[in-house]
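Data block below; observations after.
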Amino acid sequence: MKSLYRSLPLLFVVVCSLSWANVLANSHDDFLDCLSSYHPDESSSISKVTYTETNSSYSAVLESSIHNHRFSTPNTRNHRTRSGGHDYEGLSYVSHVPFVVIDLVRFKSVEVDVENEEVWVQSGAIVGEVYYRINERSTNLTFQGAFGYTVGIGGFISGGGDGLLSRKYGLAADNVIDVQFVDASGRVLDRRSMGEDLFWAIREGRGGSFGIVLSWKIKLSWLLHADHCFNIHVPSIVTVFSVGRTLEQNASQLLHHWQYVAPNLPNDVYSLLTISKWNAGENETRTVLVTFTSLFQGGANELIPLMQERFPELGLVKEDFIEMTWIESVLFINGLSNETSEVLLDRYRPLLPPPFKSKSDFVNEPVPEIALQGLWPQLLEVDEVISAVQTFIAYGGMMDEISEIETPFPHRKGTLYKIHYNIGWQEEENIRSQRYISWMRKLYSYMGPFVSKSPRTAYVNYRDLDIGRNNDDGKASYKQASVWGRKYFKNNFDRLVSVKTKIDPENFFKHEQSIPPHFH
């Protein structure tokens, strides 16, 4: 551990409970002296980036990047690494034992190399900052970023990172070509010095298990796989549409048909839909609204005939198609069309309602229409929450062409789409959170027969402790961790365990869903 802190740069923020600090020293000052001994020439800087419970700013700093206020209670304890604070179960800032949080919030530089079509991104940067900085230098280059722009790069890439360009260029992690990484012994490693096994694991094996990735080198122009090389050049104009259909407008039939259309559209089309309850007016009966959204890398003159041929039932008209620049489309997808691109630099805007519970599924066969209709009564019974939304995100395209063992992320060929279930509520309703979580679990149970099986898989970036967990102290046997591990990684879990056993045999980096060494 001493070697670890000696190797870390001073741009990170250390947040620690006094009880953990007392394990190392007898007081706040002694703890700072302890850290300063690793950076003797920068002791004054260390005191400015280290916060214990004796600091007046302690709570403010700890809570500054919390994006799920279900976990912002005063007795929260942590020993985590945090980049954006979007872990769905709060594992980047929550635990049941005394804590240290290494917060990378200040470690956020984005260095764009247009000539070589590469970018070095530090883990504390958010996706929006990367979009913005690349667009500053070139309007025809981008990277494979997230749907939500406030997501931290460190967590996003370490969980694979699917997003707006996945169907054309694969995952964000598929485009990483180098890293700067600190292991439990304090060694600073790059791809060459760490070897291909560890490089494979940290790109999509999720953070908090192997060490700390300080920065990622991402190739903007090539998808680096032996059989696939593509330029990631964004056209000057992209086209979007977003149209809603209610149950009374045949939403059930349209949703059912979308399952056959969206995964088979050209790779240039990103397609998703959202399902939510809808009140048309004060005296109107509540119904369900299905909103169909697409982003196309090209002009409306290409997308209009494509959609008329592939999905005429949706009834799109010319006025539904909007041409815009790539950076404008990022704002559009995030519901920020009236904002300037500078909003992408705002890391503190909430991505989801403050307290929430989410779950995920992958779908390999179209869900029968009658089964989809069974969702509507469950959605309509919800009334006191901010939102109860299901999002279906189409796969196919390049995602079908990359082997499921190429990286830890196995949800590739044969996956039609991913489902993201989310329920959010007012913060003052936290006292009734179990009611809302129970609703989510009931909905998830209902969908069981219609999604992936043996195992029922899940997306690791939508962390869900319901599917299995380690002990509160982060320790677990191989058998115990396999319960959740195979749902995220399928058989790739075994290779992740092997890498963990080699790089961190003492299990220094651990949490409730961290990869365990084999003998623990």
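Heavy-atom basis, side chains included; hydrogens, waters and symmetry copies ignored.
Using modelled atom types, one finds a donor on one side chain and an acceptor on the other under 3.5 Å when comparing W439 with E381. Side-chain contact check for S109 and Q122: at least one donor-acceptor pair (N or O, by modelled atom type) lies under 3.5 Å.
Put simply, the side chain of I157 reaches to within 4.5 Å of the side chain of I218, judged on heavy atoms. You'll find the side chain of W326 reaches within 4.5 Å of the side chain of Y131, heavy atoms only. With contacts defined as side-chain heavy-atom distances shorter than 4.5 Å, the pair E323/T239 qualifies. Within the 4.5 Å cutoff, side-chain heavy atoms of W200 are placed close to those of N492. For the pair Q513 and I467, the minimum side-chain heavy-atom distance is below 4.5 Å. In this structure, the side chains of S123 and L214 stay at 4.5 Å or more apart for every pair of heavy atoms. Using a 4.5 Å heavy-atom cutoff, the side chains of D466 and Y444 are not in contact. Under the 4.5 Å side-chain criterion, counting only non-hydrogen atoms from C-beta, K357 is in contact with D464.
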Note to self: Quick one, D494 with R486, criterion side chain to side chain contact (heavy atoms under 4.5 Å, CB included). Give me CA distance, side-chain angles, the key distance, then yes/no.
What the structure shows: CA-CA 9 Å; D494 288 338; R486 296 198 183 279; 2.8 Å; yes
Margin query: Please evaluate residues L165 and M398 with respect to the criterion side chain to side chain contact (heavy atoms under 4.5 Å, CB included), reporting the C-alpha separation (whole Å), side-chain torsions for both, the decisive distance (0.1 Å), and the verdict.
Written below: CA-CA 10 Å; L165 298 174; M398 176 56 66; over 6 Å; no
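Checked by atom type and distance alone, the side chain of Q144 pairs as donor or acceptor with a backbone atom of G170 at under 3.5 Å. Proximity of a side-chain donor or acceptor of N422 to a complementary backbone N or O of Q390 within less than 3.5 Å is not detected.
Q249 meets the side-chain contact (heavy atoms from CB on, under 4.5 Å) test with R245, T246; sequence neighbours excluded. In this structure F392 satisfies the ring pair (Phe, Tyr, Trp, His ring centres under 6.0 Å) test together with Y417, sequence neighbours excluded. Partners of F241 by ring pair (Phe, Tyr, Trp, His ring centres under 6.0 Å), not counting sequence neighbours, listed by chain and number: F321. Not counting sequence neighbours, F199 has no partner by the ring pair (Phe, Tyr, Trp, His ring centres under 6.0 Å) test. Scored by the side-chain contact (heavy atoms from CB on, under 4.5 Å) test, N364 finds T415, S452 as partners (sequence neighbours excluded).
Salt-bridge formation is not detected for the pair K413/E401: no Lys NZ or Arg NE/NH1/NH2 atom is positioned less than 4.0 Å from an Asp or Glu carboxylate oxygen. Taking a cutoff of 4.0 Å between a charged side-chain nitrogen and a carboxylate oxygen, D178 and R192 do not qualify as a salt bridge.
With values rounded to the nearest 0.5 angstrom, L496 atom CG is found 10.0 Å from D197 atom CG. Taking CG of L345 as the start and CD1 of I126 as the end, the distance is 7.0 Å to the nearest 0.5 Å. Put simply, CG on L220 and CG on N175 are 8.5 Å apart, with the number rounded to the nearest 0.5 Å. Here the CD-CG distance, from Q253 to L255, works out to 10.0 Å after rounding to the nearest 0.5 Å. Distance check: T287 OG1 to L380 CG gives 6.5 Å after rounding to the nearest 0.5 Å. Going from atom CG of L295 over to atom OG of S329 covers 4.5 Å, rounded to the nearest 0.5 Å.
The two residues W376 and L247 have their closest heavy-atom pair at NE1-CD2, 3.4 Å. V382 and R286 get closest at one heavy-atom pair: O-NH1, 3.0 Å. Smallest separation of non-hydrogen atoms from S514 and S209: CA-OG, 3.4 Å.
The environment of E365 atom CD is sparse: at most 12 non-hydrogen atoms of other residues, nucleotides or ligands sit within 6.0 angstrom.
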Give the table of side-chain donor-acceptor pairs shorter than 3.5 Å for residues 264-272, with sequence neighbours excluded, one pair per line with atom names and distance.
{"unit_1": "N264", "atom_1": "ND2", "unit_2": "Y260", "atom_2": "O", "d": "2.9"}
{"unit_1": "D268", "atom_1": "OD1", "unit_2": "K168", "atom_2": "NZ", "d": "2.6"}
{"unit_1": "S271", "atom_1": "OG", "unit_2": "W258", "atom_2": "NE1", "d": "3.0"}

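Under the ring-ring contact (aromatic ring centres under 6.0 Å, His included) rule, H411 has a single partner from Y395, F362, Y488, Y462, which is F362.
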